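Inspection log for the structure reproduced underneath, given as C-alpha cells.
Every value quoted in this text rests on a predicted model; they were computed, and no experiment measured them. Side-chain atoms are counted along with the backbone in the values below, which use heavy atoms only and exclude waters and symmetry mates. In listed order, ligands and their atoms are each counted from 1.
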Amino acid sequence: MKGFTTKAIHVGRDLFRKWFGDVVEPIHLSTTFAKERLEDVEKGYVYSRTGNPTREVLEKRLAALENGRYALAFSSGMAAETSIILSLLGKGDHIIAFDDLYGGTKRLFNKVMERFGIEVSYVDLRFTEALEEAFQDNTRLVWVETPTNPLMKLADIRAISDIAHAHDTLVVVDNTFASPYFQRPLELGADIVVHSVTKYIAGHSDVVGGAVVTNDEKLYKRLKFHQNALGAILSPFDSWLVLRGVKTLSLRMERHQYNAMNIARYLESHDMVDRVYYPGLESHPQHELAKRQMYGYGGMLSFEIRGGLREAKRFVESLEIFSLAESLGGVESLIEIPALMTHASISRDERLKIGLRDSLIRVSVGIEDLDDLINDLERGFEVISSD
Ligand SMILES: *Cc1c(COP(=O)(O)O)cnc(C)c1O
C-alpha cells in the first residue's frame, strides 16, 4: 500500500477483519480485557486507557499518512501538546517557539508550563538566523507551526531541523493547517508531528481530538508511557469518527485547496481588499518555500479588508454561507475576525507586533460550490460599500 488515499482507507483494517470480516472497524467499547491464565494478564489488551483496538487502528493509520512509524491519539490537540511536553521536558528546560503560534499553544506555554519552570523564547522562525541566536544550554525543543495561524507565515522545516539537530535539540511541528496530505514534516527532518485532528483530519466539525506521530522508537515509547500515565486518550467513539472522516481527507483537501486558491485570487483583485495571505499566491513572500516543502497550499487564508474593525464586523455579519465561528478544517466554510475572536487573548500591541491588524479576516474555506462562496463574499462587500 503506497498511495495516500489507499492508506487512508485501509491501513490497520486487518486487526478486526480477521475475526468477523468487518469492512468498517467497529467501536470497541470494552474497558477491560479478560485472560484465561494468570501468566497472560499483562499480554495484549489489558485496559482501554493503555490500549484500545479502535484507537489502535486509528493510530496505525495516522502514522502511515505522515509516513511515520508510530502514532498516538489524544483527546484533543492540546492534550497531545501537553503530553509531548510532560513526556520530554522538566523543570529548568527551555523551548524555542515560533512567535506566531496557535493561541492555545501560547496559553499552554505562558500560563501553564512556565509555572512548572519551563522557559519559552519566541522567535520569528521565518528567519533561521534568529533561531541560531536563541539556543541556550538548556534548550530541549524547537516548536514550529507552519503555515501559521492566521498570517500564513512559513517556517523552513528542513533548515530548522538541521540547525536544531546540530544543537542536540528535537523539532516538533504542528501540522494541523496543512494536514498530512499537503505536508509531511517527518520527511523533512522533524522529530515529532502534532495534530489537532479536530480540524482537517476528522474534517466534519463533530469530534475534538489530537495526535502525535514520530519515527523514533525511543521517543515513541516515552510518549506512549505518558499517554497512559497522563490519561488524555481519544475515546473509542471519537476514534471511530476520526477513522470515518480521514478516509476522504485527500478528496476534501483537493477541494478545499481549489476553492481557497480561487477565492484568494478573487480577493487579491478586489478593490476593497488591501492584502491577501495565502501561500499558493505568487505574491506570498514565501511562495517558493511553500512550493518546495508542501504538496499543496491548503484551505486556510486571511485578508485585510479596506477600512478597519467596523468594516470587518459588517462584512462577516452580512454573509450567509460562511458561518461566523472559530475553528477550521471542516467541510463547511467558516469566517472570523482574529482580533475579536481567536486572538483576542493576545494584547493589541503584541498582535500588531506580529503583523495582525484589526482589519484582518480569517477564512476556513469549505468544500461548497465555488460560485456560491464567491457570490456570498461579493454580497458582503456590497453591504459595506452601500453603507
Ligand atoms: C485547534 C488547534 C490546536 C488545538 O487543538 P484542539 O483539538 O482544539 O485541542 C493546535 N494547533 C493548531 C494549529 C490548531 O488549529
Taking the hydrophobic residues Ile, Leu, Val, Met, Phe, Trp and Tyr, and joining any pair whose side-chain heavy atoms are under 4.5 Å apart, which ones share a cluster with Tyr47?
Val46

Near ligand 1, which residues have a heavy atom under 4.0 Å away from one of its atoms?
Ser76, Gly77, Met78, Glu81, Tyr102, Glu145, Asp174, Thr176, Ser196, Thr198, Lys199, Gly209, Leu328

Is Glu217 salt-bridged to Arg222, cutoff N-O under 4.0 Å?
no

Note: Arg69-Asp216 ion pair, threshold 4.0 Å (strictly below)
no

Taking only residues at least two apart or on different chains, which pairs with a member in residues 200-234 satisfy ring-ring contact (aromatic ring centres under 6.0 Å, His included)?
Tyr70-Tyr220, Tyr200-His256

Extract all donor-acceptor atom pairs below 3.5 Å that involve side chains of residues 289-296 and protein atoms in other chains or at least two apart in sequence.
from, atom 1, to, atom 2, distance (Å)
Arg292, NH2, Asp156, OD2, 3.2
Gln293, OE1, Ile157, N, 3.0
Gln293, NE2, Ala155, O, 2.7
Tyr295, OH, Glu187, OE1, 2.5

Which residue is it: Glu336, Glu326, Arg362? I am looking for the one with a side chain to side chain donor-acceptor pair (under 3.5 Å) to Thr342.
Glu336

